[in-house]
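Let me begin by presenting the structure, written as structure tokens, before commenting on it.
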2 protein chains.
Amino acid sequence: MGMSSLTEEQVIEALGQAGYRITQSRRAVIRVLLEDNGFASPSELWERAVEYYPGIGLVTVYRTLDLLSRLGFVRRIHTDEGCHGRASTRLGHRHHLICRQCGAAVEFEGCDLSIFLARVSGETGYLVEEHMLELIGLCPECR
Amino acid sequence: MGMSSLTEEQVIEALGQAGYRITQSRRAVIRVLLEDNGFASPSELWERAVEYYPGIGLVTVYRTLDLLSRLGFVRRIHTDEGCHGRASTRLGHRHHLICRQCGAAVEFEGCDLSIFLARVSGETGYLVEEHMLELIGLCPECR
DNA sequence: GTACTTGCAAATAATTTGCAAATAT
DNA sequence: ATATTTGCAAATTATTTGCAAGTAC
């Protein structure tokens, strides 16, 4: 959806800005997240991060994912089976579109649900503050 | 959203139709799910199911939840923290609206996303087959 | 009576925590 | 030099499985 992709340097930059140190482990996790066009579990990410920084431990992957989540660069992917997959994300309000066959994940933005949300709000009396939307389907290759 | 609520008998009926046996354990889990107006983890449900059927084991709660999920009477609730909560649901395509304060969960249906989905489909080349939408906010009491 | 279900204990899997050693600044 | 970060091992938590005993039909 016409998005310039996020670069490693942008994430590193933000880490520094926020006062965190730039370590080899963190670089490895960031690199793996960004080079992936789908989503992966912490241990899958770890297996791949080892190639960039052999000494890295699984625990550090967990900790780095938490950190990047807090900074808004990582998001959980929720599927029927679970919510353990993580994908990189650009900042802001975005959603993922996931291929059920190959797992390819594409981000999209600009979901205009306002009319629908207003209706739900009116009918339930809830104040709707956030929403989580994920689309599942087949990517162009898998169709 | 103007829905007649699901009753224990309806679920029991469906279980029987599908060839499963009606046991005390299953009744207890169903009752607990239905009397709850929010969502709960398997172990929370278990703690409460014990009051209806003291001998019930946690494993049986897991198995019953799986069974009811397959039949479409239970759905996972996905929050930022995880996807372990389960809530009862009526059959069909529905979504949950959850109070971030007290956890109250309301179901709604009739999400009209077709125009939006067509747009995403066109822009990405994906065939969009399903979607998962969950709304988070404040219920009338917690506002 | 028979096949389905259950509870228990044990196995597996996922995640978190304490802490001394390593490292980024 | 110093505070942050790391890896390891261990603790915790969540979920699944094998199997003999129990139960619905």
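In the text below, chain A, chain B and the rest are named by the order of the sequence lines, each starting its count at 1.
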Would one find a side-chain N or O of [X] under 4.0 angstrom from OP1 or OP2 of [N]?
X: A:Ser25; N: D:dT5; value: no
X: B:His84; N: D:dT13; value: no
X: A:Ser43; N: C:dA13; value: no

Between [X] ([atom1]) and [N] ([atom2]), how many Å, whole number?
X: A:Tyr20; N: C:dT23; atom1: OH; atom2: C1'; result: 18 Å
X: B:Arg27; N: C:dT5; atom1: CZ; atom2: P; result: 15 Å
X: B:Ile12; N: D:dC25; atom1: CD1; atom2: C1'; result: 15 Å
X: B:Leu68; N: C:dT5; atom1: CG; atom2: P; result: 12 Å
X: A:Ile30; N: D:dT5; atom1: CD1; atom2: P; result: 12 Å
X: A:Ile22; N: C:dA24; atom1: CD1; atom2: C1'; result: 9 Å
X: B:Leu15; N: C:dT5; atom1: CG; atom2: P; result: 9 Å
X: A:Ile56; N: D:dT5; atom1: CD1; atom2: C1'; result: 12 Å

### Task
State whether B:Glu9 and B:Arg27 are salt-bridged, where the test is any N-O pair (Lys NZ or Arg NE/NH1/NH2 against Asp/Glu carboxylate O) under 4.0 Å.
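Counted as a salt bridge, because a side-chain N and a carboxylate O are separated by less than 4.0 Å.
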### Query
Would you call A:Glu35-A:Arg31 a salt bridge at under 4.0 Å N-O?
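No, A:Glu35 and A:Arg31 are not salt-bridged.
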### Query
Distance-only, no hydrogens or angles: does the A:Arg86 side chain make a donor-acceptor pair with backbone N or O of A:Ala40 under 3.5 Å?
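It does not hold such a pair.
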#### Entry: Any donor-acceptor pair under 3.5 Å from A:Thr60 side chain to A:Ile56 backbone
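Not confirmed, A:Thr60 side chain does not pair with A:Ile56 backbone.
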Report the nucleotide, chosen from [options], that has the shortest atom-to-atom distance to any side-chain atom of [X].
X: A:Arg21; options: C:dT25, D:dT6, D:dT15; answer: C:dT25
X: A:Arg63; options: C:dT15, C:dT6, C:dC19; answer: C:dC19
X: A:Leu58; options: C:dT16, C:dA24, C:dT15; answer: C:dT15

### Summary
ring pair (Phe, Tyr, Trp, His ring centres under 6.0 Å) filter on B:His96, not counting sequence neighbours, yields none
### Query
Toward the 5' end of DNA chain D, which comes first, B:Thr23 or A:Leu67, by nearest nucleotide?
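The 5'-side residue here is A:Leu67.
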### Query
Between B:Gln24 and B:Val59, who's closer to the 5' end of DNA chain D by nearest nucleotide?
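Comparing both residues, the 5'-ward one is B:Val59.
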### Query
Base, sugar-phosphate alone, or nothing: which one does B:Arg26 contact when heavy atoms must sit under 4.0 Å apart?
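B:Arg26: backbone/sugar contact only, no base atoms under 4.0 Å.
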